[in-house]
Amino acid sequence: MEVRTLGAAELADGTGGEFALDAATLLEPLLLVDLDGIDGATAAAAAARIVALGGPAVGFCSGDIAAELGPLTAALDLTYAAAADPADRAVVVTDDVPRAVAEFADCVRRYPQAASFAAQVVRASEGLPGPAAIDMESFAYSTLQGGPEFGRWLEERRRLGRPLPPPPETDPVLLTADGDTLRITLNRPERRNAYGTALRDALVEALRTALLAGTFGRIVLDGAGASFCSGGDLDEFGHTPDTATAHQIRTRGGAARLMARLAERTEVRLHGHCVGAGIEISAFAGHIVAAPDTVIRLPEVAMGLIPGAGGTVSVPRRIGRWRALHLFVTGVAVGPQCALEWGLVDEIEGGQ
């Protein structure tokens, strides 16, 4: 599976062409674009050709991204560079650009469909209203559930022979009212507050309570135990009757829409592992506080999927679609300082 590299000038003059595919496979799942030594006019001409390519295009620059390259980095799906304006959300700064590019390309080679879907969804949903963008995410997620990449992951998972998780012995979500503050606590510490059916349904009910009551000016969401939320409960994957039903459950029975509606009143307090759905749902909140031990990761592409709990909507709207795609495709873990600098969290506990 080939990953092509073009100079930006080649792209500008039309050399890029379109992404090639056969009956089943993206033959060229990724185009890399060399941004070194180009001027503003070339960057603008190259930017105009990005959308027509039809597949993910990632730029790289061994030096500083000049302001005149802004139209091109904005048009690309992501750019890796040695230096850039910290406010430029289209760029991921790294001290080893070749390594970062190689790692991203390797992930795309291993999961070309999921990586391509991730890039398409975050780009297409960028300007949509939240509910419509959540629906788009779920349609793509359902499609990938029928694909070979998720099929291979699920087959390997089933070989482990793990049973469905036992029902919770206590309330999976706790509610505590204090004046006009409602505290919602994820309460399955024995499963690291995995976002399984029981916890999801209880969280949705709690959020509906907060929305309908109308008496709570402040909502605080936190988690019991060592981790805020370890993401979807992997032992439940593959047990939904069909992908159409799964779509309805994700979008109408999930927490994303409710969190978005409650955003202005909601504070989330993260600690420990905050994986997949844990950060996807949290990122809708108006204010996020991270403990110093917080570790954030979005691993779905390596499962042949994309984030499916609202993350392709909530995360890009905090940090930009470019950095979000970096997190989605690579699955890299980030700590609270990086999350703060990018805007994925708003505060580190203790004022660090």
Side-chain angles (χ1 to χ4, degrees), residues 129-135 137 168-189 191-232 249-291 294 296 307-311 313-315 317-319 336 339-340 343-351:
I134 291 168
D135 283 348
E137 170 189 279
E169 296 182 359
T170 58
D171 292 337
V173 169
L174 303 177
L175 297 181
T176 307
D178 183 7
D180 73 341
T181 297
L182 178 67
R183 183 175 294 272
I184 302 173
T185 301
L186 308 182
N187 189 44
R188 292 208 74 183
R191 297 194 70 81
R192 297 193 303 161
N193 295 323
Y195 190 66
T197 301
L199 186 141
R200 180 200 66 212
D201 290 349
L203 175 60
V204 166
E205 188 60 31
L207 294 173
R208 284 177 178 156
T209 297
L211 189 64
L212 294 174
T215 56
F216 298 108
R218 180 169 179 256
I219 300 155
V220 177
L221 175 63
D222 61 10
S227 292
F228 172 76
C229 177
S230 60
I249 293 171
R250 272 193 306 274
T251 56
R252 273 56 180 178
R257 287 169 174 254
L258 291 166
M259 281 291 289
R261 292 177 67 183
L262 291 165
E264 292 184 2
R265 289 187 274 160
T266 303
E267 174 183 299
V268 179
R269 303 191 67 85
L270 308 178
H271 72 283
H273 289 279
C274 185
V275 180
I279 187 60
E280 296 176 52
I281 294 165
S282 298
F284 284 106
H287 191 75
I288 303 176
V289 181
T294 300
I296 296 170
V313 184
S314 62
V315 174
R317 293 181 190 202
R318 275 186 163 267
I319 69 173
L340 180 66
L344 191 51
V345 305
D346 302 297
E347 180 185 346
I348 299 176
E349 187 179 350

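Interatomic distance, CG of L174 versus OG1 of T170, reported as 7.0 Å (0.5 Å rounding). Distance check, rounded to the nearest 0.5 Å: CG of D178 to CZ of F216 gives 10.0 Å. The line from CZ of R261 to CG of L211 is 4.5 Å long, rounded to the nearest 0.5 Å. One distance of note links CZ of R250 with CG of D135; it measures 10.5 Å at 0.5 Å rounding. Annotation: the span from L212 atom CG to T215 atom OG1 amounts to 10.5 Å, rounded to 0.5 Å. Atom CG of L258 sits about 5.5 Å away from atom CG of L207, to the nearest 0.5 Å.
In this structure, L270 and S282 have side chains that are in contact, with non-hydrogen atoms separated by less than 4.5 Å. Residues V345 and T294 fail the side-chain proximity criterion, which asks for heavy atoms closer than 4.5 Å. Within the 4.5 Å cutoff, no side-chain heavy atoms of L186 are placed close to those of R188. Put simply, the side chain of V220 does not reach to within 4.5 Å of the side chain of L182, judged on heavy atoms.
Among all heavy-atom pairs drawn from F284 and A256, the shortest one is CE1-CB, 3.6 Å. Shown here for A291 and E349, the closest heavy-atom pair between the two residues is CB-OE1, 3.5 Å. Residues Y195 and A277 approach most closely at CD2-CB, 3.7 Å, considering heavy atoms. Minimum heavy-atom separation, N187 to A224: OD1-CB, 3.8 Å. Nearest heavy-atom pair across I319 and G343 is CG2-C, 4.0 Å. Here the closest heavy-atom approach between residue A198 and residue P172 is recorded as O-CG, 3.7 Å.
Applying the side-chain contact (heavy atoms from CB on, under 4.5 Å) test to T266 and every residue at least two apart in sequence or in another chain returns I219, M259, L262, V268, A285. Residues satisfying the side-chain contact (heavy atoms from CB on, under 4.5 Å) criterion with R318, sequence neighbours excluded, are A283, I288, L344, D346. Annotation: side-chain contact (heavy atoms from CB on, under 4.5 Å) contacts of A133 (sequence neighbours excluded): S125, L128, V313, R317. Listed by chain and number, the residues in a side-chain hydrogen bond (donor to acceptor under 3.5 Å, both in side chains) with R192 amount to none (sequence neighbours excluded).
For residues 193-217, there are no salt bridge (Lys or Arg N to Asp or Glu O under 4.0 Å) pairs, not counting sequence neighbours. Applying the salt bridge (Lys or Arg N to Asp or Glu O under 4.0 Å) rule to pairs touching residues 263-290 yields R218-E267, E267-R269, sequence neighbours excluded.
At distances below 3.5 Å, at least one donor-acceptor pair connects side-chain atoms of H271 with backbone N or O atoms of G225. Judged purely by atom type and a 3.5 angstrom limit, E347 has no side-chain atom pairing as donor or acceptor with the backbone of V289.
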Under the side chain to side chain contact (heavy atoms under 4.5 Å, CB included) criterion, do L221 and L203 qualify, and how do the steps go?
-> CA-CA 10 Å; L221 175 63; L203 175 60; 4.1 Å; yes
